[in-house]
There are 2 protein chains.
Amino acid sequence: MPKNTFFNLPERKKTRILNAAIDEFSKNSYEKASITRIVNTANIAKGSFYQYFENKLDLFRHIFMISADEKLKYLKPTLDKMESEDFFTTLRNLYVAGIEFVKENYKLSQIADRLIKSNNENLKNKIFGETKPKSNHFLKELLLRGIKRGEIDPSIDVELVSVMLTNLSFTITEYYLKTNEKGIVTDDYSDLMEMVEKMIYTIENGIKIKGEDNNDY
Amino acid sequence: MPKNTFFNLPERKKTRILNAAIDEFSKNSYEKASITRIVNTANIAKGSFYQYFENKLDLFRHIFMISADEKLKYLKPTLDKMESEDFFTTLRNLYVAGIEFVKENYKLSQIADRLIKSNNENLKNKIFGETKPKSNHFLKELLLRGIKRGEIDPSIDVELVSVMLTNLSFTITEYYLKTNEKGIVTDDYSDLMEMVEKMIYTIENGIKIKGEDNNDY
DNA sequence: AAGTCATGTGACTAAAAAGTCATATTTTTT
DNA sequence: AAAAAATATGACTTTTTAGTCACATGACTT
């Protein structure tokens, strides 16, 4: 947690520092990100930085929390009306909300994306603590509910499918980040929406040809 | 490319150096990997290293090539009998061969995995050159053939599905690397084989309940 | 006005990195 | 055996990093 001196700072100065840090961490991995560059960009002294934050990790963790909180805001509406909607509608809405978060919070997404893909297990443990990022635990619950309701094939392996679905959500995010490299923001939702639709369709129905008898034996 | 002085080295010395390097790059990202540590482990002088390799990148590229060549050896049998087998058999065999490569080349897999997940686009370009890692280009061809043969639903988006399938193969590798953290090698194939089977089944059939009429309208 | 406490500062330290180079040793050629 | 070419060496340079610390400045209290 940042020190009180940081929270007591005038709003403008706080955001100046955070923006400089978000910029640096979105361009560089945790290891390569430089405190020196951040303080230069934010126009504060190196010593001041250490009045505000314990160390580099303290700053990074704080920024990651901002990103997580922000993303939750996007997912909240879907989570709230989950009860009254079927599995595939909820899944579709989650994917779409995820895309919207990335669109409107490009740098924060990059930071989170980097951390998740990072092989620095030590760092990940320090950030996630013991509460591992079980977004797929949530998907598991969703799948189980879908099975109960008769929407989902009960013979699936819930654990495996939840991992697959989590991974596919990263696929979408990555796809978006790659096409919009360097922050070129197009307002062309249609491409991504089509992508989500096709992806959901594939998850629903599979890719094997139907109707005919493909005898497996 | 390493210099001739490297290739002229006695076999034992060469492997000593390569093993030290593979070890270092499997434990650290390209940026964090240290030439100093490699030369210490390999018991050669810093100056000697630069007689063998142009620089750090030269060494890393060489090791990545070793990994790619090695993996191809595992995939080759499947690719050779591709013509005579149906889509899902080929896909299954590719996934299984991928797992076997990871099992038997733990460190090399980690290095390749790290590079693919890396956000250092500059590095990736230098390694992959213009020939981007189009393992999914190959999957596209495979899918198109499957459609022609009447095995695959022709209404799918070939491009998207190939990305999904490529991603799922990473999911498997990651899953294996995570469960076998720190190189603990179990001979328990069954878990992974079951995982591949279930994954293929899901890709084939989707997860929506079949038989009933879920009217979408 | 004096004193106290919070905040601001940038030169500095220590550690680590990639890469260099003058010199020494070994191997090959004549 | 002598000369030449190839290879080996590790101290050194330069750069960059996170973090520290003695001191300066500002604000609030008595």
Side-chain angles (χ1 to χ4, degrees), chain A residues 1-18 20-64 114 118 120 122-123 126-127, chain B residues 1-18 20-64 114 118 120 122-123 126-127:
Chain A
M1 268 257 289
K3 299 179 184 175
N4 279 328
T5 44
F6 176 70
F7 292 114
N8 293 338
L9 245 37
E11 214 60 37
R12 294 179 56 88
K13 193 168 187 179
K14 247 188 295 185
T15 56
R16 215 174 66 220
I17 294 169
L18 285 180
I22 289 170
D23 216 73
E24 179 70 11
F25 282 119
S26 77
K27 283 179 186 148
N28 303 98
S29 66
Y30 175 76
E31 294 86 6
K32 282 193 96 185
S34 157
I35 300 295
T36 306
R37 274 197 297 266
I38 291 172
V39 298
N40 286 344
T41 308
N43 254 304
I44 59 166
K46 190 74 161 288
S48 297
F49 177 86
Y50 286 93
Q51 302 262 26
Y52 307 148
F53 302 94
E54 298 290 346
N55 48 35
K56 191 179 181 179
L57 181 67
D58 188 29
L59 167 65
F60 186 70
R61 188 164 25 205
H62 185 237
I63 285 176
F64 181 77
R114 259 220 186 75
S118 162
N120 189 338
N122 191 15
L123 175 66
K126 280 175 186 158
I127 299 291
Chain B
M1 267 256 291
K3 299 178 184 174
N4 279 328
T5 45
F6 177 70
F7 292 113
N8 293 338
L9 247 34
E11 215 59 37
R12 294 180 56 89
K13 193 168 187 178
K14 245 189 295 185
T15 55
R16 215 174 66 221
I17 294 169
L18 285 180
I22 289 170
D23 216 73
E24 179 70 11
F25 283 119
S26 77
K27 284 179 185 148
N28 302 98
S29 66
Y30 175 77
E31 294 86 4
K32 282 192 96 186
S34 155
I35 299 295
T36 307
R37 272 197 298 267
I38 291 172
V39 298
N40 286 344
T41 307
N43 254 304
I44 59 167
K46 191 74 161 287
S48 298
F49 178 86
Y50 287 92
Q51 302 261 30
Y52 306 147
F53 302 95
E54 298 290 346
N55 48 36
K56 190 179 180 177
L57 180 67
D58 188 28
L59 168 66
F60 186 70
R61 186 164 26 205
H62 185 237
I63 285 176
F64 181 77
R114 256 218 188 76
S118 162
N120 189 338
N122 191 15
L123 175 66
K126 280 176 187 157
I127 299 291

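Quick note on labels: first sequence line is chain A, next is B, and so on, each numbered from 1.
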Taking only residues two or more places apart in sequence, or in another chain, which ones meet [X] in a side chain to side chain contact (heavy atoms under 4.5 Å, CB included)?
X: A:Lys14; result: A:Phe6, A:Leu9, A:Glu11
X: B:Thr41; result: B:Ala20
X: B:Asp23; result: B:Lys27, B:Lys107
X: A:Asn120; result: A:Glu31, A:Ser118, A:Asn122, A:Leu123

Per-nucleotide protein contact string for nucleotides 23-30 of chain C, where B marks a base within reach and S marks sugar-phosphate only (heavy atoms under 4.0 Å, - for neither): --------
Under 4.0 Å protein heavy-atom contacts per nucleotide of nucleotides 9-22 of chain C, with B for base, S for backbone only and - for none: BB------SBBBB-
side-chain hydrogen bond (donor to acceptor under 3.5 Å, both in side chains) partners of B:Lys46, counting only residues at least two apart: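 B:Lys46: side-chain hydrogen bond (donor to acceptor under 3.5 Å, both in side chains) contacts with B:Thr36.
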N/O donor-acceptor pair under 3.5 Å between A:Glu24 side chain and A:Ile35 backbone: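 Flag not set: sc A:Glu24 to bb A:Ile35 has no pair under 3.5 Å.
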Paired nucleotide for D:dA22 [Watson-Crick or G-U wobble; both distances under 3.5 Å]: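 Checking every strand shown, D:dA22 finds its partner in C:dT9, with both distances under 3.5 Å.
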Qualifying residues under ring-ring contact (aromatic ring centres under 6.0 Å, His included), relative to B:Phe60, sequence neighbours excluded: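 Per chain and number, B:Phe60 pairs via ring-ring contact (aromatic ring centres under 6.0 Å, His included) with B:Phe25, B:Tyr30.
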Start and end of chain A contact along DNA chain D [non-hydrogen atoms, under 4.0 Å]: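 It runs D:dT17 to D:dC21.
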Inter- and intrachain pairs under salt bridge (Lys or Arg N to Asp or Glu O under 4.0 Å), touching residues 50-63 of chain B, at least two apart: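 The answer is none; no pair qualifies.
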Protein-nucleotide distance (A:Asn4, atom CG; C:dC5, atom P), rounded to Å: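 One finds 17 Å between P of C:dC5 and CG of A:Asn4, rounded.
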For B:Arg16, salt bridge (charged side-chain N to carboxylate O under 4.0 Å, His left out) partners two or more places apart: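 Scan of B:Arg16 (salt bridge (charged side-chain N to carboxylate O under 4.0 Å, His left out), adjacent residues dropped) gives none.
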Whether B:Phe53 and B:His62 hold their rings parallel, tilted or perpendicular, with breakpoints at 30° and 60°: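 Rings of B:Phe53 and B:His62: tilted, 30 to 60°.
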